[in-house]
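Remarks on the structure that follows.
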Amino acid sequence: MMTMTEQRHVKTEAATPIRALPDAQTVTAVHHYTDDLFSFRVTRPASLRFRSGEFVMIGLMGDNGKPLLRAYSIASPSWDEELQFYSIKVQDGPLTSKLQHIKPGDQVILRPKPVGTLVHDALLPGKRIWFFATGTGIAPYASLLREPETYERFDEVILTHTCRDVAELKFGEELIAETLVDPLVGDEARQKLRYVATTTREKSPLMGRITTLLQDGTLFEKLGITDFGPETDRAMVCGSIGLNNDLKAILEGHGLKEGANSDPGAFVVEKAFVG
Ligand code: A2P
């Protein structure tokens, strides 16, 4: 014979619905920048703590009933009550062909286990920090630029963003404008932050791959920097595999050594999500 309490307990268990989406979060906003780029905001799991620059796995339930997840850098500051992400749209991409259609109120899967190498812990102290980005590789810096530690640790903060076309620079332009008036870091950012935007396929005030501009001296000349090297400079790199490899070689050529969470160094590299 069951007691009344046991009966109630059994009933409650049987009535508990199986959650359709494990780790479900609700979309709160979506902004489309171009036919190929969009950003979205989702609710933040109450328990989620992350270091600026880290990524989490995000996705949707696939047609086969299994979660389809990809690594997405968190683009919002660590104190924000929501989470923001910046994504490419690949029309035949398994995830982004669907994800690009999300609307406020929809649910996405978010595994609340942030990881990544583009974090302050992986860099030794220095005078200048360079945030090198191409395309959606700017996302982790959208968090790091609004992180007070960035300005506590460095005298100069330089964001470079290279895209094919001018319209693709918009996310970065808005980020810089917001950072300069940010209540938390705005004062420091106005003194320390410098922004270099370049395009490679459409005409703009500064054209060329960042690798070329570094190697031919244009970038240093433009910024008035004459002492780039392992004593003063720290860098984070986030773009395509080609960009990452080429920039890594250039930084190593200047004597900078790659770091990791367990062994801080002068620069760190992470692949921007594509697809
Ligand atoms: P480019 O137009 O000369 O290829 P993508 O959309 O292919 O990821 O490229 C984003 C930006 O990164 C483009 O401006 C592209 O320049 C640039 N880029 C791609 N590969 C490299 C690389 N290996 N070194 C420097 N810049 C790169």
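Just follow the structure's listing: the first ligand is 1, and inside any ligand the first atom is 1. These numbers come from the heavy atoms of this one structure, side chains and all, not from hydrogens, waters or symmetry mates.
- Classified by interplanar angle (parallel below 30°, tilted 30° to 60°, perpendicular above 60°), the ring pair Tyr141/Phe131 is parallel.
- When hydrophobic clusters are built by joining Ile, Leu, Val, Met, Phe, Trp and Tyr residues whose side-chain heavy atoms come closer than 4.5 Å, directly or via intermediates, Ile102 is grouped together with Leu68.
- Under 4.0 Å from ligand 1, heavy atoms of Leu243 appear from its side chain as well as its backbone.
- Ring centroids of Phe267 and Trp130 are separated by 6.0 Å or more, keeping the two rings apart.
- Closest heavy-atom approach to atom 25 (C) of ligand 1 within the set Thr211, Asp246, Thr199: this belongs to Thr211.
- The closest protein non-hydrogen atom to atom 17 (C) of ligand 1 is Thr134 CG2, 4.2 Å.
- Nearest protein heavy-atom neighbour of atom 19 (C) of ligand 1: Arg209 NH2, 3.7 Å.
- Using a 4.0 Å cutoff on heavy atoms, Ser240 counts as a contact of ligand 1.
- Between Tyr33 and Phe38, the distance separating the two ring centers is not shorter than 6.0 angstrom.
- The distance from ligand 1 to the heavy atoms of Thr162 drops below 4.0 Å at these ligand atoms: 11 (C), 14 (O).
- Here atom 15 (C) of ligand 1 lies nearest to Thr200 when heavy atoms of Thr200, Asp36, Leu214 are compared.
- No salt bridge links Glu231 with Lys127; every basic N to acidic carboxylate O contact stays at or beyond 4.0 Å.
- Considering only non-hydrogen protein atoms, atom 9 (O) of ligand 1 sits nearest to Arg164 NE, 4.0 Å.
- Less than 4.0 angstrom separates some heavy atom of Arg201 from each of these atoms of ligand 1: 1 (P), 2 (O), 4 (O).
- Taking the six-membered ring for Trp and the full ring otherwise, Phe55 and Tyr72 have centroids separated by 6.0 Å or more.
- The Cys163 neighbourhood of ligand 1 comprises atoms 14 (O), with distances under 4.0 Å to a heavy atom of that residue.
- Relative orientation of the Tyr86 and Phe171 rings is parallel, given thresholds of 30° and 60° on the angle between their planes.
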